[in-house]
Amino acid sequence: MKSLFNESVYQETLARIDALDEKSQRKWGKMTVGQMVWHCQFPFVIAVKNKKPKGNGNLFARLFFKKSLYNDKPWRKNLPTSPALKAREEKDFQQERAKLKQLVIEFYQTKTRKEWNPHPLFGSFTPEQWGQMEYKHLNHHLTQFGV
């Protein structure tokens with residue numbers, strides 16, 4: 001499984017983000033490219049800030065979905081998005097893409113972090129699983145827009 005903590009995967013991912021433009025069209029789903037780059041920021045914010053979550057996460061998510069976050073099996077198209085992570089209005093593509101790139105860079109710089117707080121929904125991950133999970137989500141959406 002690819003990981004954003006791998007130098008070549010990290011560089012390739014930044015190049016893929018750069019390959020997006022305002023005219024990039026989705027292959028599935030409802031988000032525009034601006035909404036997608038806005039949506040993709042949330043998992044990185046969780047990882048980079050590394051805040052200790054309140055509670056123990058979601059048992060259903062841990063039991064039934066967690067392993068799909070860091071395995072090689074691609075996610076199916078048109079998976080539902082959490083209502084909190086859905087863009088309701090159009091987003092400024094250039095501004096949101098710049099924020100996403102900065103978060104990817106900051107995430108890559110955490111690759112030597114020793115202590116990771118649990119994910120607020122899915123619970124504990126190893127550093128390796130964090131790198132894989134972040135890659136898998138972002139790859140899913142970059143593929144959605146053909147890059």
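All heavy atoms count here, side chains included; hydrogens, waters and symmetry mates do not.
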Problem set entry | salt bridge (charged side-chain N to carboxylate O under 4.0 Å, His left out) evaluation trace for Glu89 with Lys91 | CA-CA 6 Å; Glu89 65 279 334; Lys91 302 294 181 182; 2.7 Å; yes
Can you see which heavy atom on [X] is nearest to which on [Y], and at what distance?
| X | Y | value |
| --- | --- | --- |
| Lys136 | Trp75 | CE-NE1, 3.4 Å |
| Tyr108 | Leu4 | CD1-O, 3.1 Å |
| Trp28 | Asn78 | CD1-N, 3.4 Å |
| Thr110 | Trp116 | OG1-CH2, 3.4 Å |
| Gln35 | Lys30 | OE1-O, 4.1 Å |
| Val37 | Glu96 | CG2-CB, 3.6 Å |

Could you give the distance from [atom1] ([X]) to [atom2] ([Y]), rounded to the nearest 0.5 Å?
| X | Y | atom1 | atom2 | value |
| --- | --- | --- | --- | --- |
| Lys2 | Asp72 | NZ | CG | 10.5 Å |
| Gln129 | Lys67 | CD | NZ | 9.5 Å |
| Trp38 | Leu85 | CH2 | CG | 7.0 Å |
| Leu20 | Met36 | CG | CE | 4.5 Å |
| Glu134 | Leu69 | CD | CG | 9.5 Å |
| Gln41 | Gln102 | CD | CD | 11.0 Å |

Exercise. Are the side chains of Trp130 and Asn50 in touch, meaning some heavy atoms are under 4.5 Å apart?
Worked result: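 Sidechains of Asn50 and Trp130: no contact.
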Problem set entry | Over 12 foreign heavy atoms within 6.0 Å of CD, Glu128 | no
For this session: From the options Leu142, Leu103, Leu138, select the one residue that forms a side-chain contact (heavy atoms from CB on, under 4.5 Å) with Cys40.
Result: Leu138
Exercise. Stepwise, does the side chain to side chain contact (heavy atoms under 4.5 Å, CB included) test hold for Glu22 with Gln94?
Worked result: CA-CA 8 Å; Glu22 292 172 341; Gln94 296 294 342; 3.6 Å; yes
Exercise. Is Ile105 reachable from Phe44 through a run of I, L, V, M, F, W or Y residues, each pair having side-chain heavy atoms under 4.5 Å apart?
Worked result: yes
Exercise. Is it true that Phe42 and Phe65 fall in one hydrophobic cluster, defined by side-chain heavy atoms closer than 4.5 Å?
Worked result: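 Shared cluster, no.
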Does [X] use its side chain to pair, donor to acceptor, with the backbone of [Y] at less than 3.5 Å?
| X | Y | answer |
| --- | --- | --- |
| Gln25 | Lys23 | yes |
| Arg97 | Asp18 | yes |
| Arg16 | Val147 | yes |

Exercise. Can you check whether Tyr70 and Tyr135 have ring centres sitting under 6.0 Å from each other?
Worked result: no
Exercise. Where does the angle between the aromatic ring planes of His119 and Phe122 fall among parallel (under 30°), tilted (30 to 60°) and perpendicular (over 60°)?
Worked result: tilted
